[in-house]
Amino acid sequence: MLAGDTSPHPVTSKYPQDRFAEAQTFCEELIDENPDFAYGLISFSGKPAIHSMPTNDIITIKTFIHTLLVHNFETTGSSFKSALQEILRQVYETEGRIQVILLSDGEVPEDKEENLTEEIELLKRNNVTVHTVGVGTNSPGGSVNFYVSYTEEEKKALESESTDDSTGTKKKEVDQKIIKNIKTYREDKRLRNLAKETGGHNIV
């Protein structure tokens with residue numbers, strides 16, 4: 001969700017910094033348009049993180065969304081299976097019917113394809129509707145740079161193979177080095193299927 005292949009905002013015409021920022025804006029505006037519901041927030045990447053159980057406190061939930069940070073950026077792709085399992089746990093602990101709005105680029109980590117049949121069946125059995133929102137582009141896609149940063153002293157030490165840092169000079173970040181570039185694409189099939197199976201809507 002850190003790729004910069006975003007769409008201009010329909011009102012401001014500004015481009016969000018990345019897919020993650022675009023998803024945040026979408027959520028905040030969705031709540032503004034539908035303020036009479038209770039909202040909870042779960043983010044997921046390597047593992048799901050629960051930020052809030054369903055609440056009618058709109059200001060608090062929007063603050064959670066606005067200040068949300070990416071909590072795993074070592075690889076691209078997310079585990080949908082663990083996210084759906086966490087949603088099911090919340091369903092069992094929450095009174096009333098739950099609808100899920102899942103925002104994602106649809107990617108899973110390479111070579112980690114997941115079978116979601118059991119989770120989808122349990123969602124259907126508990127009358128949970130999942131609406132999915134695809135973020136990003138499937139053509140040409142986007143890219144994410146993984147880089148390391150060097151301070152001036154660290155750069156000198158690396159160049160001279162010295163670890164001496166006895167000068168007391170204030171360290172300043174002066175250089176960055178890209179160590180990996182990964183292409184990332186919006187994958188629609190998984191998102192469309194999840195919405196279709198649970199009676200939800202899928203949009204991009």
Rounded to the nearest 0.5 Å, how far apart are [atom1] of [X] and [atom2] of [Y]?
X	Y	atom1	atom2	result
Met1	Ser43	CE	OG	10.5 Å
Asn138	Asp105	CG	CG	11.5 Å
Leu116	Asn193	CG	CG	8.0 Å
Asp36	Ile31	CG	CD1	12.5 Å
Glu187	Lys189	CD	NZ	10.0 Å

Checking side-chain polar atoms at under 3.5 Å, does Ser104 have a donor or acceptor matched by the opposite partner on Arg186?
no
Side-chain touch [X]/[Y], heavy atoms, less than 4.5 angstrom:
X	Y	value
Lys124	Ile120	yes
Asn181	Val144	no
Gln90	Ile50	yes
Leu123	Leu88	yes
His51	Ile42	no
Thr129	Ile98	no
Leu41	Ile65	yes

In the single-linkage hydrophobic clustering (I, L, V, M, F, W, Y; side-chain heavy atoms under 4.5 Å), do [X] and [Y] co-cluster?
X	Y	value
Phe37	Ile61	yes
Val108	Leu84	yes
Ile59	Tyr39	no
Leu30	Val133	yes

Listed once per pair and sorted, the ring pair (Phe, Tyr, Trp, His ring centres under 6.0 Å) pairs that draw on [range], sequence neighbours left out:
range	answer
residues 2-23	none
residues 109-141	His131-His201
residues 102-130	none
residues 85-106	none

I'd like to know whether CD of Gln99 has more than 12 heavy-atom contacts from other residues, nucleotides or ligands below 6.0 angstrom.
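Buried by this count: over 12 neighbours within 6.0 Å.
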Holding to salt bridge (charged side-chain N to carboxylate O under 4.0 Å, His left out), I want the full list of residues that pass it with Glu114, two or more places apart in sequence or in another chain.
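Testing Glu114 for salt bridge (charged side-chain N to carboxylate O under 4.0 Å, His left out), a comparison that skips the adjacent residues, returns none.
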I would like to know whether Thr137 and Tyr185 meet side chain to side chain contact (heavy atoms under 4.5 Å, CB included); could you show each step before the answer?
CA-CA 6 Å; Thr137 57; Tyr185 304 90; over 6 Å; no
Can you list every salt bridge (Lys or Arg N to Asp or Glu O under 4.0 Å) pair that touches residues 90-100, not counting sequence neighbours?
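Residue pairs passing salt bridge (Lys or Arg N to Asp or Glu O under 4.0 Å), neighbours aside: none found.
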Scan for salt bridge (Lys or Arg N to Asp or Glu O under 4.0 Å) pairs involving residues 80-91, sequence neighbours excluded, and state none if there are none.
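For residues 80-91, and leaving out neighbouring residues, the salt bridge (Lys or Arg N to Asp or Glu O under 4.0 Å) pairs sorted by first residue read Lys81-Glu119, Glu86-Arg89.
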I'd like to check the side-chain hydrogen bond (donor to acceptor under 3.5 Å, both in side chains) partners of [X]; sequence neighbours left out, ordered by chain and number.
X	result
Ser52	none
Lys196	none
Asp18	none
Glu118	none

Would you say the side-chain atoms of [X] pair up with the backbone N or O of [Y], donor to acceptor, closer than 3.5 Å?
X	Y	value
Thr6	Pro16	yes
Ser143	Lys183	no
Asn126	Leu122	yes

Given side chain to side chain contact (heavy atoms under 4.5 Å, CB included), test Met53 with Thr94 step by step and report yes or no.
CA-CA 8 Å; Met53 294 287 283; Thr94 305; 3.9 Å; yes
Considering only residues two or more places apart or on different chains, which pairs with a residue in residues 53-63 satisfy side-chain hydrogen bond (donor to acceptor under 3.5 Å, both in side chains)?
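Sorted result for residues 53-63: Asp32-Lys62, Asp57-Thr60.
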Nearest heavy-atom neighbours spanning [X] and [Y]:
X	Y	answer
Leu103	Phe44	O-CE2, 4.5 Å
Asp5	Gly142	OD2-N, 3.4 Å
Pro48	Ala83	CB-CA, 4.3 Å

Run the side chain to side chain contact (heavy atoms under 4.5 Å, CB included) check on Gln24 and His66 step by step: do they pass?
CA-CA 6 Å; Gln24 286 174 296; His66 187 71; 5.6 Å; no
